[in-house]
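As structure tokens, the structure follows; a few thoughts come after it.
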Amino acid sequence: MTTELRRLRNFIDGEFRDAADGRTTEVVNPVTGEAYATAPLSGAADVDAAMAAAEAAFPAWRDLVPAERQKVLLKIADAFEARADELVAAEVENTGKPVALTASEEVPPMVDQIRFFAGAARMLEGRSAGEYMAGMTSIIRREPVGVCAQVAPWNYPMMMAVWKFAPALAAGNTVVLKPSDTTPASTVLIAEIIGGVLEELGHPKGVFNVICGDRETGRLMVEHKVPAMASITGSVRAGMQVAESASRDLKRVHLELGGKAPVVVFEDADIAKAVEDIAVAGFFNAGQDCTAATRVLVHESIHDDFVTALAQAAADTKTGQPDDEDVLYGPLNNAGQLKQVTGFIERLPGHAKVHTGGHRVGEKGFFFAPTVVSGLKQDDEIVQNEVFGPVITVQSFADEAQAVEYANGVEYALASSVWTKDHARAMRMSKALDFGCVWINTHIPLVAEMPHGGFKKSGYGKDLSAYGFEDYTRVKHVMTSLG
């Protein structure tokens, strides 16, 4: 007896639709390794339809006064809260994340972020009017850019969808959003929720559209003539391809790509607190977080004690089934990611030492044990490249200058942290670290009011905050003759 797979569908112009040519892909639950649904494998006809819907809806949505867009976003936030259990269930099936942590650590921030951007919708201000040439008055208009093609990743499908659509809609843009091909379920549910709010309030149905598909679908979206902006959260390779494709017709590009966050622990740090917090920040979501605390740099005087304590914390960390409340993280997202993480461990150089973990857990699903590796050198593959798994590496450094050299000595520049009781040292490090975020004596907290985004190969543009909101606007100068 076979179980019939659930059927996920695209959401275009207020309607759920199959792919125009009927193609589908199977969606796999990473806890079991088995398919539980099918999703459309959208092609050019589907992209055309979604873009046409978003383009047709744009003038009316753009011309709404900000207070009306705010009402829509506030209604969406309320609907997310009311249907939180459904969102959590969809996300857990998507990702295998622990139910309790998904409910407590994802849905409340998502709702808060939508409400933040609802408020930001009414704060689109330019510089004050003034006369900068005799007989002329200048004003600045902030306007939406147009239709936004957005691609969300599989590590936080729900939350990254919010980071995409909330600022875009608040600024007056319309959206075509594609979830990852491995995690479409929660995004399709989000489409149902937002579609219901738009219909209830009498707004154009094409304001928000979701199309499912693979990398080729995303390429078709970015290269389509309609969008004025392409926004992607994903790998460096994907970001570079998007930037190249978008350059052909000079689309705006917003990229949040990979990370390799240094966690710099000085000899005066509170070691017990640092170990506890770093273990959580490194293993949360199976390390599948571009800001994860997975590259630790420790002063040589405390290195051995720190590694011993961190290895014990890792050994005490539990991965397992979503409904087990003692679990910190679930499986890796997909078979390809399990292969990638395993490959990093298999290729470790001879001088590296695995203190704990380093192996798959069980034969069903994509679980991987919490892992700590030390004895590494700066040019080792596992130090330079993003593992995106529950693997924390540890290096030692001799002094502050070497700590900065090692920390900055990678191609990524998204997030970092410094652990010390010396305020002056913390301030020096916050200046010297070439990363979009520097945490001091903590690692990984995010708030809606503060920007998230990096430098170098971690991409450009900001998520969250007023800076992220402004990324979805364009600036127009209007000059009036007083004569």
Using the ring of Phe367 (Phe, Tyr or Trp, six-membered ring only), decide whether Arg360 places NZ or CZ under 6.0 Å from its centre and within 45 degrees of its axis.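 So Arg360 doesn't make the cation-pi contact.
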Any sub-3.5 Å donor-acceptor pair from [X]'s side-chain atoms to [Y]'s backbone N or O?
X: Trp439; Y: Pro445; value: yes
X: Thr317; Y: Ala313; value: yes
X: Asp434; Y: Asn408; value: no

May I ask you to check whether Phe165 and Phe208 place their ring centers less than 6.0 Å from one another?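 Under 6.0 Å, so yes.
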Step through it carefully: locate the ring centre of His443, locate the ring centre of Trp419, and say whether they are under 6.0 Å apart.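 Not close enough - the centres of the two rings lie 6.0 Å or further apart.
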Is it the case that atom [atom1] in [X] sees more than 12 heavy atoms from other parts of the structure closer than 6.0 Å?
X: Asp85; atom1: CG; value: no
X: Arg252; atom1: CZ; value: yes
X: Tyr36; atom1: OH; value: yes

Using side-chain heavy atoms (C-beta onward) and a distance below 4.5 Å, is [X] in contact with [Y]?
X: Arg83; Y: Leu189; result: yes
X: Pro322; Y: Lys97; result: no
X: Tyr472; Y: Cys148; result: yes
X: Leu464; Y: Glu449; result: no
X: Leu124; Y: Thr473; result: yes
X: Cys290; Y: Glu386; result: yes
X: His254; Y: Tyr460; result: no
X: Val354; Y: Thr371; result: yes

For [X] and [Y], test the side chains for any donor-to-acceptor distance below 3.5 angstrom and give the result as yes or no.
X: Ser42; Y: Asn10; value: yes
X: Asp422; Y: Thr420; value: no
X: Asp305; Y: Thr308; value: no
X: Asn333; Y: Thr182; value: yes
X: His351; Y: Asp380; value: yes
X: Asp399; Y: Gln402; value: no

Is there any salt bridge (Lys or Arg N to Asp or Glu O under 4.0 Å) pair reaching into residues 343-353, and which pairs are they, with sequence neighbours excluded?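 Only Arg347-Glu381 qualify under salt bridge (Lys or Arg N to Asp or Glu O under 4.0 Å).
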How would you list all residue pairs meeting salt bridge (Lys or Arg N to Asp or Glu O under 4.0 Å) that involve residues 453-472, not counting sequence neighbours?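 Applying salt bridge (Lys or Arg N to Asp or Glu O under 4.0 Å) to every pair that reaches into residues 453-472, excluding sequence neighbours, yields Arg142-Glu470, Glu411-Lys457.
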Side chain to side chain contact (heavy atoms under 4.5 Å, CB included) with Leu257: which of Val242, Thr233, Val236?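 Answer to the side chain to side chain contact (heavy atoms under 4.5 Å, CB included) test with Leu257 among Val242, Thr233, Val236: Val236.
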Taking salt bridge (Lys or Arg N to Asp or Glu O under 4.0 Å) as the test, write out the residues that go with Glu223, two or more places apart.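 By the salt bridge (Lys or Arg N to Asp or Glu O under 4.0 Å) rule, Glu223 matches Arg219, Arg248.
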In chain order, what residues pass the side-chain contact (heavy atoms from CB on, under 4.5 Å) check against Ala448, with sequence neighbours excluded?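 Asp112, Gln113, Phe116.
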Measure the [atom1]-[atom2] distance between [X] and [Y] for me, rounded to the nearest 0.5 Å.
X: Tyr156; Y: Asn94; atom1: OH; atom2: CG; value: 14.0 Å
X: Arg69; Y: Phe117; atom1: CZ; atom2: CZ; value: 13.5 Å
X: Ile232; Y: Met240; atom1: CD1; atom2: CE; value: 12.5 Å
X: Leu73; Y: Lys75; atom1: CG; atom2: NZ; value: 13.0 Å
X: Met158; Y: Phe80; atom1: CE; atom2: CZ; value: 8.0 Å

Please tabulate, one pair per line, all N/O donor-acceptor pairs under 3.5 Å involving side-chain atoms of residues 387-398, not counting sequence neighbours.
| residue | atom | partner | partner atom | Å |
| --- | --- | --- | --- | --- |
| Thr393 | OG1 | Thr294 | O | 3.3 |
| Gln395 | NE2 | Gln378 | OE1 | 3.0 |

Should Lys273 and Glu276 count as an ion pair when the cut-off is N to O under 4.0 Å?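 No.
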Under the side-chain hydrogen bond (donor to acceptor under 3.5 Å, both in side chains) test, residues paired with Thr102 that sit two or more places apart: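 Scan of Thr102 (side-chain hydrogen bond (donor to acceptor under 3.5 Å, both in side chains), adjacent residues dropped) gives none.
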CA sep, side-chain torsions, deciding dist, call: Asn29, Thr32, side chain to side chain donor-acceptor pair (under 3.5 Å): CA-CA 6 Å; Asn29 185 329; Thr32 64; 4.5 Å; no
